[in-house]
Amino acid sequence: MKRYLIKQLLLILPTLLIVTIISFAMIRLMPADAVDVYLVTHHLEKNEKNIAVAKERFGLDEPVPVQYLHWLKDIIHLDFGKTYSTNQAVAPMLGKALVKTLQLAAASAIWIVVVTPVLGIGAAAKPEGAMDRLTRIYCLCGTAIPTFVLGFILIRLFSVNWKLLPAIPDGSAVSLILPSFTLSLSHIAYFVQMLRNEMLENRGEMFVLYARARGLHEKRIFWSHLLKNSVQPLVNTMGISIGGLIAGTVIVENVFSWPGLGRLITKAILSRDYPVIQGYILIVAVTYICANTISDLMSAIVDPRIRLGKGDVS
Amino acid sequence: MIREKKAMRPAVIAALVFLGVILIVMVFADKIGIHDPTSIDLTMKFHGSSREYPFGTDDYGRCVFCRCIYAVHNSVEIAFTIEIVSVFIGMMLGMCAAYFGGIADQLFGAVSNALMAFPKVILIMLIAAFLGASTRNIILAMLLVDWIWYARISRSLTLSLKERKYVQAARLNGASAPVILRRHIAPGILPQLAGQFTLSLGNVILGLAGFSFLGIGIQRPTPELGLMISDGCSLIRTNFSVLLWPGIILFLIVLDLNVLGEWVSEHLRKQA
């Protein structure tokens, strides 16, 4: 296990390096570069002397690899530069927004972890039963409904009509309920479908037959043999779906005016604020890589075949 | 395999009927939508639902029903174009990667893995950010990400098809690679892409609406479902129907294409 852990952690480094190179290259390829912005914001004429001064100021007169190393040093010290639009430091801004987005994602994860087993197990316990049919309708609709439409319908019902929950964040945990539910609905549908299909498929497997042949009680087979073996692929997918959750926050945060990364990036894109976009890419990439590594480790814990590097684990 | 036939049937029939409705809207959009979707008339503000304005009017006095009709027409047209081009590019690259193998295949693997390593939505957003917010750019950005699935399916199918006897016979007859790919391999792949095509069409429509909602997709005043919802969100307390209708229509279209996509994929799986 230790060996596997070290190997996985070492694999993170080259990926991270590639991400930093890409986001560095991206900002260099942007149509508006730092020099232009500097000249415009300082009301300087665009002549050769001023451009040279600005280049020296940003270190753009040095060769590109050296510039990259300087930039990397800044990034490691969490210095993402300043925004073009308001000249604020980017790092604290991103940090604050990241905390908000993580709150939202965590609350959604709670919804997913609580609701998925209830619906999935309920549906698989009695295929073709009422519960199963309802769940299937939910899965179909849940993956088709656009998050922003769902968000507005929930705001209308719970905040305007029934006045039960706040629509706009007021700092309390209650204001997390609507956005996190909106975010998690399609993910729950996806997981429920997966759990149900996995359980129904495993029903015909040899280990179930064997357990039955040993005379084990049906309930025991269901809970400790069938369920345990069906949860494994979900653990694996959980990591991948964290990427989906982060992507989903962009729309949900805009619907609920949630002051997280998604809102920040939308504003940055519309005002072409490249340092913010660059910082966002790095944060999302790091989160994504970490989530994938954690899910790899989790599946290695659940399934010994993976950590020993044996057997067909696809 | 688990889902039995009977329960699927009514849903599929309903989905096919709805697909027919979408097609009618596509063909007769200008006959069904009698009002100009962009003409502003403030005296007609917030009309209720009537015979002339089935969904009422919005805060600029524009007919919501007509705007929805034109929006569906635009979205489906754009999504269809994106998908057709994606299928074409994906098939070409996937087939070539698998058929020629070697460096071409490795390069393909590297590019597709790199593109798939990042959440799709964020990738599209970043490309759009790089290019600037406009209708053309969002289409380009979605294209850049969308072809990958078709390429991967084509690649894996080509790998098995190229070992078939009839392909080898063609090769022995001295047929050139382009001829083999076009006449012997492509016809075997195309039907297999149908399921992915239908599912993907729904996703692209949904994505397009989402990006337009955020302001980085289709730009005003073109009628678009996501834009209509974004415009309507300030009316959530007073005139909810202005944003509810486009939402419902968007939901129904995506649901429809999802149901059909599942059905087609299942069909293909059974054949295999």
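Sequence lines set the chain letters: A, B, ... in the order given, protein chains first and strands last, and positions in each chain run from 1.
Counting heavy atoms of neighbouring residues, nucleotides and ligands inside a 6.0 Å radius, atom OH of A:Y190 does not exceed 12 of them. Other residues, nucleotides and ligands contribute at most 12 non-hydrogen atoms within 6.0 Å of the OH atom of B:Y60. Atom CH2 of A:W258 has more than 12 heavy atoms from other residues, nucleotides or ligands within 6.0 Å. Annotation: B:F80, atom CZ; neighbour count of heavy atoms from other residues, nucleotides and ligands within 6.0 Å does not exceed 12. Within a 6.0 Å radius of CG in A:L10, more than 12 heavy atoms belonging to other residues, nucleotides or ligands are found.
Summarising the geometry, atom CG belonging to B:L206 is positioned 9.5 Å from atom OG belonging to A:S186; distances are rounded to the nearest 0.5 Å. Rounding to the nearest 0.5 Å places CG of A:L140 at 7.0 Å from CD of B:E262. From A:I265, atom CD1 reaches atom CG of B:L126 across 6.0 Å, with rounding to the nearest 0.5 Å. Atom CG of A:L150 sits about 10.0 Å away from atom CZ of B:F251, to the nearest 0.5 Å.
Listed options A:A144, A:A285, A:P127, A:P146 were ranked by heavy-atom pairs under 4.5 angstrom with chain B; first place goes to A:A144. Considering only heavy-atom pairs separated by less than 4.5 Å from chain A, the leading option among B:L243, B:I122, B:I248, B:I253 is B:I122. Of the listed residues (A:I281, A:I155, A:I246, A:I289), the one with the most heavy-atom contacts under 4.5 Å to chain B is A:I281.
Contacts between B:L255 and chain A at a heavy-atom distance below 4.5 Å involve backbone atoms as well as side-chain atoms. Within the 4.5 angstrom heavy-atom criterion, no atom of B:L199 approaches chain A. A:T143 touches chain B through backbone and side chain together, each having a heavy atom under 4.5 Å away. Contacts of A:L270 with chain B are made by side-chain atoms alone, with heavy-atom separations under 4.5 Å and no backbone atom involved. For a residue to count as touching a neighbouring chain, one of its non-hydrogen atoms must lie under 4.5 Å from one of that chain's; by this rule B:L244 touches chain A with the side chain only.
Proximity to chain A among residues 136-144 of chain B is not found for any residue, judged by heavy-atom separations below 4.5 angstrom. Contacts from residues 210-230 of chain B to chain A, taken as heavy-atom pairs separated by less than 4.5 Å, involve B:G210, B:F213, B:L214, B:G215, B:I216, B:G226, B:I229 in sequence order.
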Inset, instruction - Just do the side chain to side chain contact (heavy atoms under 4.5 Å, CB included) check on B:C233 and A:F148 with the steps written out, would you? - result: CA-CA 10 Å; B:C233 70; A:F148 46 105; over 6 Å; no

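Remark: the backbone N or O of B:I236 is paired with a side-chain donor or acceptor of A:R156 at under 3.5 angstrom.
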